[in-house]
Amino acid sequence: MDSVVSVASAFGPFPKGVEASTDMWGNAKGGLTSQTIQPWMQEKSFVLLTSMAMLRWMVDRAIEAGHCVLDLETQGLDNRVYDGVVNHKIVGIALCYDGQNGFYVPCRHNPDIEDKGNLPWDQVRVEIQRLLDHCVIIYHNADFDQETLWAEGFVVREEADTFDDT
């Protein structure tokens, strides 16, 4: 119990709102402007998960809640499998279990450069599978996300009470 409390105090509460002048790594960019940031965004937290401890903490909270929104970011929209490998792989995973804190898991952004903030894919897989095994998963376009997860080797539950789709 003490470890859960110490981890929780280390990771939360998260600051609310988004900055118009930076991307998710804090680099200056021009894509977000005051016109693209909606008022509701200032009341939510957007958290880049930068360690496996943070991801484990988030997955534990989602399992406690019993549900989690999951949306995949992939290299493209072709999730067909060729010679046992999915054509467009998962590069990141967006998660939310409480409607207040959105989390992003970078895992294979530019995999040739290790210092780009990617979490180790083999460890991310374990945590995402744990999430899939123990939560009702809420997808946006479940067909694509479930097929992509399956193509990447995940065990995806498809019974009606194990997932929902927006």
Side-chain angles (χ1 to χ4, degrees), residues 3-4 7-8 10-12 14 18 23-25 31-32 38 40-41 44-166:
S3 64
V4 172
V7 170
F11 297 136
F14 300 105
V18 294
D23 65 13
M24 66 183 195
W25 288 280
L32 289 176
Q38 300 298 312
W40 66 266
M41 292 176 171
K44 308 294 180 185
S45 295
F46 302 92
V47 182
L48 176 64
L49 297 179
T50 58
S51 71
M52 287 306 301
M54 287 180 78
L55 177 57
R56 285 184 202 99
W57 176 85
M58 198 248 62
V59 170
D60 288 343
R61 301 296 78 74
I63 290 171
E64 287 173 9
H67 60 272
C68 188
V69 175
L70 182 148
D71 187 50
L72 300 179
E73 301 304 322
T74 59
Q75 295 169 321
L77 299 177
D78 185 356
N79 62 359
R80 292 176 290 177
V81 177
Y82 299 98
D83 296 325
V85 178
V86 66
N87 195 40
H88 287 154
K89 295 179 180 179
I90 298 168
V91 297
I93 305 164
L95 303 166
C96 180
Y97 66 88
D98 65 359
Q100 298 300 309
N101 300 293
F103 299 91
Y104 186 72
V105 183
C107 51
R108 292 194 283 200
H109 287 271
N110 199 352
D112 298 329
I113 303 172
E114 289 188 25
D115 65 347
K116 286 293 183 187
N118 292 312
L119 296 182
W121 177 242
D122 59 334
Q123 294 176 44
V124 168
R125 286 182 51 78
V126 170
E127 292 305 311
I128 297 304
Q129 186 62 61
R130 193 163 64 96
L131 190 71
L132 294 170
D133 290 343
H134 298 287
C135 285
V136 172
I137 303 297
I138 304 163
Y139 299 97
H140 180 69
N141 191 3
D143 288 347
F144 178 83
D145 286 347
Q146 287 179 321
E147 288 175 8
T148 301
L149 288 164
W150 173 82
E152 289 267 19
F154 289 93
V155 175
V156 180
R157 298 179 306 153
E158 298 182 52
E159 297 83 19
D161 62 344
T162 64
F163 77 97
D164 206 347
D165 193 350
T166 60

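Since the model is a prediction, treat every value here as computed from it, not as a measurement. Hydrogens, waters and symmetry mates play no part in the numbers below; they use all other heavy atoms, side chains included.
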[X] vs [Y] side-chain heavy atoms within contact, under 4.5 Å:
X      : Y      : answer
Leu149 : Tyr139 : yes
Leu131 : Leu95  : yes
Asp145 : Asp71  : yes
Met54  : Leu48  : no

- Steps toward side-chain contact (heavy atoms from CB on, under 4.5 Å) verdict (Val59, Leu55): CA-CA 6 Å; Val59 170; Leu55 177 57; 3.9 Å; yes
- CG-OG1 distance between Leu119 and Thr50, expressed to the nearest 0.5 angstrom: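 With rounding to 0.5 Å, CG (Leu119) is 7.5 Å from OG1 (Thr50).
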- Mind checking the CG-CD1 spacing from Leu70 to Ile137? Nearest 0.5 Å is all I need.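 Atom-to-atom, Leu70:CG and Ile137:CD1 are 5.5 Å apart.
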- Can you name the nearest heavy-atom pair linking Cys135 to Cys68, along with the distance?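 Shortest heavy-atom contact: CB-N, 4.4 Å.
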- Message: Please give me the minimum heavy-atom distance between Phe103 and Leu49, naming the atom from each residue.
- Response: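 Between these two residues, the closest heavy atoms are CD2-CD2, 3.6 Å.
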- Message: Give me each pair satisfying salt bridge (Lys or Arg N to Asp or Glu O under 4.0 Å) with a member in residues 87-106, each pair once, sequence neighbours excluded.
- Response: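 Pairs touching residues 87-106 that pass the test: none.
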- Task: Can you run down the salt bridge (Lys or Arg N to Asp or Glu O under 4.0 Å) pairs that involve residues 49-59, sequence neighbours left out, and say none if there aren't any?
- Result: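 Qualifying pairs, neighbours excluded: Arg56-Glu127.
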- Message: So, using side-chain hydrogen bond (donor to acceptor under 3.5 Å, both in side chains) as the criterion, who are the partners of His67 when residues are at least two apart?
- Response: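 side-chain hydrogen bond (donor to acceptor under 3.5 Å, both in side chains) check on His67 returns nothing, list empty.
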- Message: Suppose we screen for side-chain hydrogen bond (donor to acceptor under 3.5 Å, both in side chains). Which residues come up paired with Asp133, at least two apart in sequence or across chains?
- Response: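 With sequence neighbours excluded, Asp133 shows a side-chain hydrogen bond (donor to acceptor under 3.5 Å, both in side chains) to Gln129, given in chain and number order.
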- Determine, step by step, whether Arg125 and Cys107 satisfy the side-chain contact (heavy atoms from CB on, under 4.5 Å) criterion, reporting the C-alpha distance in whole Å, the side-chain angles of both residues, the deciding distance to 0.1 Å, and the verdict. CA-CA 10 Å; Arg125 286 182 51 78; Cys107 51; over 6 Å; no
- Is the backbone of Ala142 close enough, under 3.5 Å, to the side chain of Asp165 for a donor and an acceptor to pair up by distance?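 Yes, the answer is positive, given that a donor and an acceptor are paired below the 3.5 Å cut-off.
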- Could you give all pairs that pass the side chain to side chain donor-acceptor pair (under 3.5 Å) test and reach residues 146-160, with sequence neighbours left out?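 Every side chain to side chain donor-acceptor pair (under 3.5 Å) pair that includes a residue of residues 146-160, provided the two are not neighbours, is Asn79-Thr148, Arg108-Glu152.
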